[in-house]
Each structure stands twice: as structure tokens, then as C-alpha cells.
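Chain naming here is simple, since letters A, B, ... match the order of the sequence lines and numbering starts at 1 in each. Excluded from the calculations below are hydrogen atoms, water molecules and symmetry mates; all remaining heavy atoms, backbone and side chain alike, are included.
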Amino acid sequence: MVARELLGARLVRILDGVRLAGLILEVEAYIGEEDLGCHAKSGKTRRNAAMYGPPGHAYVYFTYGNHWMLNAVTGREGFPAAVLLRAIDPLEGVETMLQRRNGRDTLGPGKLTQALGIDASLNEADLCNQDSGLWIEAGTPGGDKDIIISPRVGLYTVPEPWKSMPWRFQMRRR
DNA sequence: AGCACGATGCTCT
DNA sequence: GAGCATCGTGCTT
């Protein structure tokens, strides 16, 4: 599954000419209109349109009045599927990220977007192209043994079996 | 046009 | 550990 491969990869962001990067530690998979936890559950809308686009691009959306979420689109064009990036371990530009986070950590989907300065302007950005200012580089292949698998977080009103699908993947921090 | 609520984070107890 | 901030989106009238 693509989600696992993203664990250990390096998320890179150029913000105001400064290179920021973090090791991807935690992700969640959202797959198709069948998946009632997925934003595409009721078809294509203006918000989730990016998920229907070509894979390798970003799907960025806003929630809870003040948080941006970053996803990597993984499904073939026309099939809505994405991986939510939930946590990173700062590697480059650590000071800048700390400052943007007010000294707090980057372990959380809304936290990492704040640290990296990610918002709607990066929706549909090409994550395989550095020109976008946001991309993903291959990381060190992590051993499968250190990966924690569990149900996705925050799906309070989502019916089973989707609510309990073990599509959350975490890597132990070094 | 109105309304309920969310793939969360922060603060205070 | 519980409560609230805060607003865009999608669904209902």
C-alpha cells in the first residue's frame, strides 16, 4: 500500500526561500467513494476535486475553523484516494518550524501544515516536482517491524466497518 | 438561506 | 481529561 511507502519519506517545503524538511512519521489512508470515512464518500465536489486528479499531487483542505490538512493523492486519475500526512520529524529548517509552531511539536496533521506554511494555495500542487515548492523525496526504507498499524482517528460518526479499518500507519521516531 | 458538524489543537482543571 | 475556538462545506428547507 502506498501509505506505508510514505512512512520514512522526506517531505520538503520551500517557504520564503528557506528549505524545510521533515521525516514522515504518521499517515492515514482514505480510499474511494465506498470508504465512508473518505471525503469523496458523496461524490466529487469542489473541495475534494483534487482527490480525483492525477496521483502524486496534493489535496489540501481546511477543517475545524482553523486547521489545514495535507494529503497526497494516490489513486489513478478519476479514482478518489489519498493519504493524509499526520506527523513529521523535523530534519531541516528546524528553527523556522519551531518558531512557526511557537516552540511546540509537529506531531499532528494540523501542526505539520502550520510548521511548513501549507494552505489552500498548495492544493493540487505537484508533489513530484520541486517547482511547486512542496514535494516528497524518497527516504530510507524503514523496516516493517517498526510500523504501528491502527484504526483511523477522528471518525466519530463514520459507520462500521470504515470507522475501524486499520488504515493508520505510524513509524517509531528515531 | 440556514444549519450541523468536522481526517484538530490548545488551554485549563 | 474535558471543553471550546472557528468557519468552510455539504445537506436540508
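Atom CD of A/Glu92 has more than 12 neighbouring heavy atoms from other residues, nucleotides or ligands inside a 6.0 Å radius. Residue A/Glu160 places its CD atom among more than 12 non-hydrogen atoms of other residues, nucleotides or ligands, all under 6.0 Å distant.
Closest to the side chain of A/Phe62, from the set B/dC10, C/dT9, C/dG8, is C/dG8.
Counting to the nearest Å, the P atom of B/dA7 and the CH2 atom of A/Trp68 are 15 Å from each other. The interatomic distance linking A/Arg47 (CZ) with B/dA7 (P) rounds to 7 Å, in whole Å. The CE atom of A/Met69 sits 13 Å away from the C1' atom of C/dC7 (whole-angstrom rounding). In this structure, the NZ atom of A/Lys44 is 13 Å from the P atom of C/dG10, given to the nearest Å. Spacing between atom CZ of A/Arg100 and atom P of B/dC10 amounts to 13 Å, rounded to whole angstrom units. Residue A/Arg46 contributes atom CZ, which lies 19 Å from atom P of C/dC7 at whole-angstrom precision. Between the P atom of C/dG10 and the CG atom of A/Leu36 lies a distance of 16 Å, rounded to the nearest Å. One can place CE of A/Met51 at 13 Å from P of C/dT9, the figure rounded to the nearest angstrom.
Look at A/Arg104 and you'll find a side-chain N or O under 4.0 angstrom from OP1 or OP2 of B/dC10. Note on A/Arg101: every side-chain N or O is 4.0 Å or more away from OP1 and OP2 of B/dG9. Phosphate proximity of B/dC5 to A/Thr157: absent, as no side-chain N or O sits under 4.0 Å from OP1 or OP2.
At a threshold of 4.0 angstrom between heavy atoms, the contacts of A/Thr45 are confined to the sugar-phosphate backbone, with no base atom among them. Residue contacts for A/Arg168: at a heavy-atom cut-off of 4.0 Å it reaches no nucleic acid atom on any strand shown. Within the 4.0 angstrom heavy-atom criterion, base atoms lie near A/Leu84. Using a 4.0 Å heavy-atom distance criterion, A/Arg152 is classed as making no nucleic acid contact.
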A correct dot-bracket answer for DNA chain C, with pairs being Watson-Crick or G-U at under 3.5 Å, [ ] for crossing pairs and | for inter-strand pairs, is |||||.||||||.
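A donor-acceptor pair is defined here as one N or O able to donate and one able to accept, closer than 3.5 Å; no such pair exists between the side chain of A/Ser132 and the backbone of A/Ala125. Looking at A/Asp16, its side chain never comes within 3.5 Å of a backbone N or O of A/Val18 through a donor-acceptor pair. With A/Asn71 contributing its side chain and A/Ala82 its backbone, the two residues share no donor-acceptor pair below 3.5 Å. Side-chain atoms of A/Thr113 come within 3.5 Å of backbone N or O of A/Trp68 as a donor-acceptor pair.
Counted by atom type alone, A/Arg101 and A/Gln114 present one or more donor-acceptor pairs between their side chains at under 3.5 Å.
Note: the hydrophobic cluster containing A/Leu15 also contains A/Leu70 (ILVMFWY, side chain heavy atoms under 4.5 Å, direct or indirect links).
Using cut-offs of 30° and 60° for the angle between ring planes, the A/Trp167 and A/Trp162 rings count as tilted.
None of A/Arg172, A/Arg152, A/Arg86, A/Lys111 except one satisfies the salt bridge (charged side-chain N to carboxylate O under 4.0 Å, His left out) rule with A/Glu26; the exception is A/Arg86.
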Polar atoms only, N or O, under 3.5 Å: list the protein pairs with nucleotides 3-6 of chain C and their distances.
unit_1: C/dT6; atom_1: O2; unit_2: A/Tyr64; atom_2: O; d: 2.6

